[in-house]
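Presented below is the structure to which this report refers.
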Amino acid sequence: MRIATWNINSVRLRIGLIERFIDSHNPDVLCLQETKTINDTFPVKALDAKGFKHQHILGMKGYNGVAILSRQPLTNKGSRNWQERADCRHVFADLPNGIEIHCCYVPAGGDIPDPVANDKFAHKLGFMDEKATWWSNQKHNKKPKILVGDLNVAPLEHDVWSHKQMMDVVSHTPIEIEKFMAWQKAHQWTDAVRHFIPYEQKQYSWWSYRAQDWKTSNRGRRLDHIWVTPSLVSSLQGTETLQEARDWGPKPSDHVPVMIDIA
DNA sequence: ATGGTAGCGTAGCTA
């Protein structure tokens, strides 16, 4: 089974890129973030025509929005609010094989890495604290699980182009990484991408629109993640990050698809 | 130290 996650930055604008990705990489489950539309205008029919007949979508006007798209039926579909905001950042469902899948979109956190000066950064830190607490309290739930999404943190030294220069840049600050790791530890999540990619190897899933030439400057960050619970680790078969999609036209997303294959 | 781009929806917010 191939699971993919992609921050699409408007599902309506980029439905053609999604179709291209489905044709070229044949995912079984595709999780999207930043769909940026209410459910009524989500491209349900186009995705149904591509074989994704089972869709769990949660969108709002203009911002955020998440979706789980599946070739196989989804059951126990749900969603959750965080930091007392109904801002469409988390959906989950069960797959026929018994795996519970979660699609998350963590707040970006604004530009200033100070929770006093920047409400958006405080919100991001609180969001991850709440995630850690909630997942810690889910320990009784023994179902195998996969958590994917744009988590907006690049936690490891080689998840950013320059660890030194990024330490005071939101997404790679020590306080964010501390809270991110606490969340990961709270449910014994394993980073399924780094399970295959050596720690020393640079690995990115996002490159800014603001660079003149994203590929030449290559100042990327690994913001998009796939985590699995312990019993699934031995079933992991491989991972792929589709860097070439950063050039897919006419208008690419600033994030690229991240995939795992699991037996 | 600064400014650079993009989407939604049509101003200004968010990323």
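Here is how names work: the chains are called A, B, and so on, in the same order as the sequence lines, proteins then strands, and each is numbered from 1.
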By ring pair (Phe, Tyr, Trp, His ring centres under 6.0 Å) - contacts of A:H195 (at least two apart): none
message: Just to verify, what does A:F180 make a ring pair (Phe, Tyr, Trp, His ring centres under 6.0 Å) with, not counting sequence neighbours?
response: A:H225, A:W227
- prompt: How many Å lie between CH2 on A:W214 and P on B:dA6, as a whole number?
  reply: 15 Å
field: Interatomic distance where CG belongs to A:D213 and P belongs to B:dT5 [whole Å]
entry: 14 Å
query: Roughly, in whole Å, what's the span from CH2 in A:W206 to C1' in B:dA6?
result: 12 Å
field: Contact letters for nucleotides 8-15 of chain B, in which S counts primed atoms plus P, OP1 and OP2 and B counts the base, heavy atoms under 4.0 Å
entry: SS--BBSB
task: Using whole Å, report how far CD1 of A:I112 lies from P of B:dT2.
output: 13 Å
query: In chain order, what residues pass the side-chain hydrogen bond (donor to acceptor under 3.5 Å, both in side chains) check against A:N218, with sequence neighbours excluded?
result: A:W207
- line: Quick note, ring pair (Phe, Tyr, Trp, His ring centres under 6.0 Å) partners involving residues 21-51 of chain A, not counting sequence neighbours, are A:W6-A:F21, A:F21-A:H25
Nearest-Å distance once atom P is located in both B:dT2 and B:dA6: 23 Å
- prompt: Rounded to the nearest Å, what distance is computed from the CG atom of residue A:L17 to the P atom of nucleotide B:dA6?
  reply: 14 Å
field: Salt bridge present between A:E19 and A:K50 (N-O < 4.0 angstrom)
entry: no
- prompt: Taking the C1' atom of each, how far is B:dG9 from B:dT14, in whole Å?
  reply: 13 Å
field: P-based separation of B:dG12 from B:dA1 [nearest Å]
entry: 29 Å
query: What is the distance, rounded to the nearest whole Å, between atom CG of A:L32 and atom C1' of B:dG7?
result: 16 Å
statement: Residues at least two apart in sequence or cross-chain that pass side chain to side chain contact (heavy atoms under 4.5 Å, CB included) with A:Q138, listed by chain then number, are A:W134, A:W135, A:H140, A:N141, A:H187
